[in-house]
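No hydrogens, no waters, no symmetry mates; every other heavy atom, side chains included, goes into these values.
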Amino acid sequence: MHHLVIDRWSRGSSSLHQRDPRAKLAALLVFLIVLSTTRPAAQWAFAAYAIMLIIAVHSARLPILGLAGRAALVLPFSATFALLTWWSGDTLRALALAEKSFLSGMAALLLVATTPLTGWTAALESWRAPRMLILVIQFVYRYLFVIAEQAQRMRWAAVCRGSHKTGGFRLATGLVGVLFARSWQRADGIYHAMLARGFRGRFVPAAPAPFRAADALFFSACLAGCLAVRILL
Amino acid sequence: MSKAIQIRGLRYRYPDGTQALNGIDFHLDAGESVALFGANGSGKTTFVMHLNGLLRGEGSIEVCSMPLSDETLEQIRSKVGVVFQDSDEQLFMPTVLEDVAFGPLNLGLSPDDALTRARTVLKRVGMAHALERAPYHLSAGEKKRVAIAGVLAMDPEILVLDEPTTFLDPPTRRDLLTLLRSLPQAKVVVTHDANLARALTTRAVFFDQGRIAGEGDVIELIQRFHWEYS
Ligand SMILES: Nc1ncnc2c1ncn2[C@@H]1O[C@H](COP(=O)(O)OP(=O)(O)O)[C@@H](O)[C@H]1O
Ligand SMILES: [Mg+2]
């Protein structure tokens, strides 16, 4: 079965992986707030944020290019806005917009790549995030697997019957409907299996680990770093 | 003898109009094991999905003397453990241990107790070496064992197995058979595998187009419906 690389990454054992999900989630929040309030003119600050992220990725022993590539997936969306801003003559703003969305994407991805899903959703839950929101995240995440798996199988079946990589896209657009029908069916089966084992609309986390001194230290360091960059640069 | 399952006049029609069950009467005694035979599409899986209320048709269903209703649904789901035909549907958590602990956590066990119970049943099915592995990377036989463990962790009184040996090679089938024989629960086993049925059950029921076309001794029924290909 196909699986998401990020899921494998999230099960690493680096010191960043071992930090409490709550500490990492809080650090992400601080980072996002500080980032979004940074002035477009403060280009050195953006460089500093990037360096902070690179250090974090390095300490998590994750491939920087792999992460950056995935974070770049957010760019097409923000690029539209960035282009509009650029056309209206505000180059610096446009640049900052692209930088902000890329760095936010990268930071969020870093959280997800160093924390198993159950960990960070449990953290959200302990902060009283709406239950519905958490459920949606968990289901979307699971159904991503389902869809990826079905797509993989259909691609293999097509390749076995002589489809080539070049013809892949045409094939994919033609079969998207089938893909979703099949994914839906599979997802339905999985949902049945969950009900059969007593699922009542809430994922119960298995192991809420204690919040350690190291977690507090980690969060303080992130907070200090972000604030320093924001104020000094 | 008290009945583990008692079903009268069960009918079910899928939303697209397919009449999958057409008046099924069925019973399972406490501690008994029954095989369900029948052609593909004869309604076996649809029937099995009714045993723990995943599908709700017309007719009456009683499990351990409790009529199936919205009030008893949760209790019945913990008494009837269904092992699906497709293990990939049944195993949805990121690791084997988490997957098996999923049910006990839903039952309200503390995380520690749930994990302890998960480890115990995984040992029981011979999968104690794979606690931290991703279920989707296991072999078909191992997946089936983990799926069974996930159901056993709910401590059910009745085990329902939908074509448990379908995707397995002969040696793996043999090992699974040994495991299933060692489990004390009453069993409903959907299968095309005459050997499995003979080894695991004494009574059999034959499905045909959403009805029960015959019922009786396993070996006699296999002969009556020519249910062996050699
Ligand atoms: N989700 C569904 N929607 C519509 N029809 C279905 C669905 N699942 C099964 N069926 C139909 O119901 C009948 C019984 O199917 P099933 O219970 O899967 O049989 P078996 O398990 O004996 O092979 C078949 O005709 C099948 O095509
Ligand atoms: Mg079936």
* Side-chain contact test, heavy atoms from C-beta onward, threshold under 4.5 Å: evaluate it for A/Leu195 versus B/Glu74 and give yes or no. => no

* **Nearest heavy-atom neighbours spanning B/Met154 and A/Gly198** => CE-N, 4.0 Å

* Are A/His192 and B/Glu89 side-chain neighbours, meaning at least one heavy-atom pair lies under 4.5 Å? -> no

* Asked: With only heavy atoms counted, which part of B/Asp113 is less than 4.5 Å from chain A, the side chain, the backbone, both or neither?
  -> neither

* Answer yes or no: are there more than 12 heavy-atom neighbours, outside B/Gln209 itself, under 6.0 Å from its atom CD? => no

* Hey, is CZ on B/Arg181 packed in by over 12 heavy atoms from elsewhere, all under 6.0 Å? -> no

* Asked: With sequence neighbours excluded, what pairs up with A/Ser101 under the side-chain hydrogen bond (donor to acceptor under 3.5 Å, both in side chains) test?
  -> A/Ser78

* Over 12 foreign heavy atoms within 6.0 Å of CD, A/Gln185 -> no

* So do A/Arg11 and B/Thr95 actually touch side chain to side chain, heavy atoms under 4.5 Å? -> yes

* Spatial distance of atom CZ (B/Phe84) from atom CD1 (A/Ile190) [nearest 0.5 Å] -> 10.5 Å

* To do: Can you establish whether the number of heavy atoms outside A/His58 located under 6.0 Å from its atom NE2 is more than 12?
  => no

* To do: Measure B/Val160 against the heavy atoms of chain A and call it side chain, backbone, both or neither at under 4.5 Å.
  => neither

* Structure fact -> Rounding to 0.5 Å, atoms CE (B/Met93) and CZ (A/Arg197) come to a distance of 8.5 Å

Check residues 51-67 of chain B and write down every donor-acceptor pair under 3.5 Å in which the side-chain atom is one partner and the other belongs to a residue at least two apart or another chain.
unit_1: B/Arg56; atom_1: NH1; unit_2: B/Asp70; atom_2: OD1; d: 3.3
unit_1: B/Arg56; atom_1: NH2; unit_2: B/Asp70; atom_2: OD1; d: 3.3

